[in-house]
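All remarks here apply to the structure that follows.
Because the structure is a prediction, the values reported are computed rather than measured.
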Amino acid sequence: MNSEQQQAILSIALLAAFADGNNDEREREHIRALAESLGQGSGMDLTRLYQDVLFKRMTLAQACSNLGDQAARQFAFEMAVCVCDADGRTSEAERAFLADLKTRLQLADADSLAFQQEADAMADAGQYAAPATAATAKQQAVPPTSPPVQDEAELDRSILNYAILNGALELLPQSWASVAIIPLQIKMVYGIGKRYGYELDQGHIREFLSTVGIGLTSQYLEQFGRKLIGGLFGKAAGKWGKTLGDSGTGMAFSFASTYALGQIAKRYYAGGRQMSTALLQQSFQGMLGPAKEMQSQYLPQIRQRAGTLNAAEIMNLVKGR
């Protein structure tokens, strides 16, 4: 995939990220910082690309015109669907964007519709990862007098298992599998809060992720963008997809971000939610480095887990069955 194709697909992914018009300032900052980070060493001015998209100097028509290959066009559509699904079900504005994109890319309805249904189904399953609202306001607001966790090692094992699972999802050839990563992180944080006596809901957990420094849309953009820029996508049988032989970048990021998130959530709820925003962000960034180093240690387990996963199991894991 040449740099022109890479930039076209990244442009489409960024356009998808802003399609609903609801990104708050923190999410935009996550995406801006990501573009700056991805651009370093890539030979591409991705900060300028981000600005072109944000200020509407790059249009969907322009981006699509740079994708002549049918497989690349299908791949760009799949990435856009996943970006739109990253923060839950697609909005009306996002559905309109995807319909326009499909028309401009001249995609066969059967292929694009099948993929969109699979990704949307996974996003729908994510609504069950944690309750929509907390059980009671009192349970949510009052910190526990003594944490009920009897076995901290057990909680650490649970966090590690989530990290291994999310790393394994990045090894699967199906692009929609990555849509499950954020719901599984939400489910993990919900379980940690509950172990310390807090009844959390989707809104609180999503806010916690954003406060720590994990944007919902930007997290998926980072997983996808680092693999794309790193050349970790290959073409086989007329389609683009993740190459199983060299998916280390995405796997390391998903493993590390999930593990670091779990450990910071454990500290936060064990301490009665007293950590400041600055301390949460600093602690999360400080944990990312060691977590990335841990990934190589657990690579055999990640690969083994990937070999056992299928669509039905992923769906059930997200739903909590």
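Closest heavy-atom contact between Ile31 and Ala17: CD1-CB, 4.2 Å. Taking every heavy atom of both residues into account, Phe97 and Ile12 meet most closely at CZ-O, 4.0 Å.
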Go through it in stages, so that I can follow the logic: the residues are Phe115 and Cys82, the test is side chain to side chain contact (heavy atoms under 4.5 Å, CB included), and I'd like the CA-CA distance, side-chain angles, deciding distance and then a yes or no. CA-CA 10 Å; Phe115 180 87; Cys82 292; 3.7 Å; yes
Trace of the side chain to side chain donor-acceptor pair (under 3.5 Å) decision for Gln202 with Arg206: CA-CA 6 Å; Gln202 289 258 357; Arg206 290 173 185 272; 3.2 Å; yes
Any chance you could lay out the ring pair (Phe, Tyr, Trp, His ring centres under 6.0 Å) test for Tyr259 and Tyr298, step after step, and finish with the verdict? CA-CA 12 Å; Tyr259 185 84; Tyr298 290 98; 8.1 Å; no
Give the C-alpha distance, both sets of side-chain angles, the deciding distance and a yes or no for side chain to side chain donor-acceptor pair (under 3.5 Å) between Asp85 and Gln116. CA-CA 10 Å; Asp85 276 338; Gln116 192 168 0; over 6 Å; no
So Leu107 and Gln70, side chain to side chain contact (heavy atoms under 4.5 Å, CB included) or not? Walk me through it. CA-CA 8 Å; Leu107 296 176; Gln70 175 69 20; 3.8 Å; yes
Between Phe18 and Arg28, does the side chain to side chain contact (heavy atoms under 4.5 Å, CB included) criterion hold? Intermediate values first, please. CA-CA 9 Å; Phe18 295 122; Arg28 288 196 300 272; 3.9 Å; yes
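Remark: Arg57 CZ is packed, more than 12 non-hydrogen atoms of other residues, nucleotides or ligands lying under 6.0 Å away.
With rounding to the nearest 0.5 Å, the separation of CE in Met58 from NZ in Lys56 is 13.5 Å. Note: Met275 CE to Gln282 CD = 9.0 Å, rounded to the nearest 0.5 Å.
Checking side-chain atoms of Gln274 against main-chain N and O of Gly272 turns up a donor-acceptor pair under 3.5 Å. Between the side chain of Gln62 and the backbone N or O of Thr59, at least one donor-acceptor pair lies under 3.5 Å. A donor-acceptor pair under 3.5 Å is formed between the side chain of Asn161 and the backbone N or O of Arg157. Side chain of Thr103 to backbone of Ala99: a donor-acceptor contact under 3.5 angstrom is found. The main-chain N or O of Glu293 is found under 3.5 Å from a side-chain atom of Ser296 such that the two form a donor-acceptor pair. Put simply, the side chain of Lys266 never gets that close to the backbone of Val189: no donor and acceptor are under 3.5 Å apart.
Ser112 and Gln74 share no donor-acceptor pair across their side chains, judged by distance under 3.5 Å alone.
Looking at Glu29 and Arg32, a side-chain N of the basic residue comes within less than 4.0 Å of a carboxylate O on the acidic one, giving a salt bridge. Ion pairing between a basic and an acidic side chain is recognised when a charged N comes within 4.0 Å of a carboxylate O; Asp69 and Arg73 show no such pairing.
Cluster membership check: Tyr128 does not share its hydrophobic cluster with Val179, using side-chain heavy-atom separations under 4.5 Å among Ile, Leu, Val, Met, Phe, Trp and Tyr. When the side chains of ILVMFWY residues are joined at heavy-atom separations under 4.5 Å, either directly or via intervening members, Leu113 and Trp176 end up in two distinct hydrophobic clusters.
Thr258 has its side chain out of reach of Leu261: every pair of non-hydrogen atoms, C-beta onward, lies at least 4.5 Å apart. Contact of the Arg195 side chain with the Ser158 side chain is not registered, since no non-hydrogen atoms from C-beta on lie closer than 4.5 Å.
Checked against Ile181 for a side-chain contact (heavy atoms from CB on, under 4.5 Å), the options Asn166, Val318, Ile186 give a single hit: Asn166. Residue Leu209 forms a side-chain contact (heavy atoms from CB on, under 4.5 Å) with just one option from Ile205, Val212, Thr211, and that option is Ile205.
In this structure, the salt bridge (Lys or Arg N to Asp or Glu O under 4.0 Å) partners of Arg305, at least two apart in sequence or on a different chain, are Glu313.
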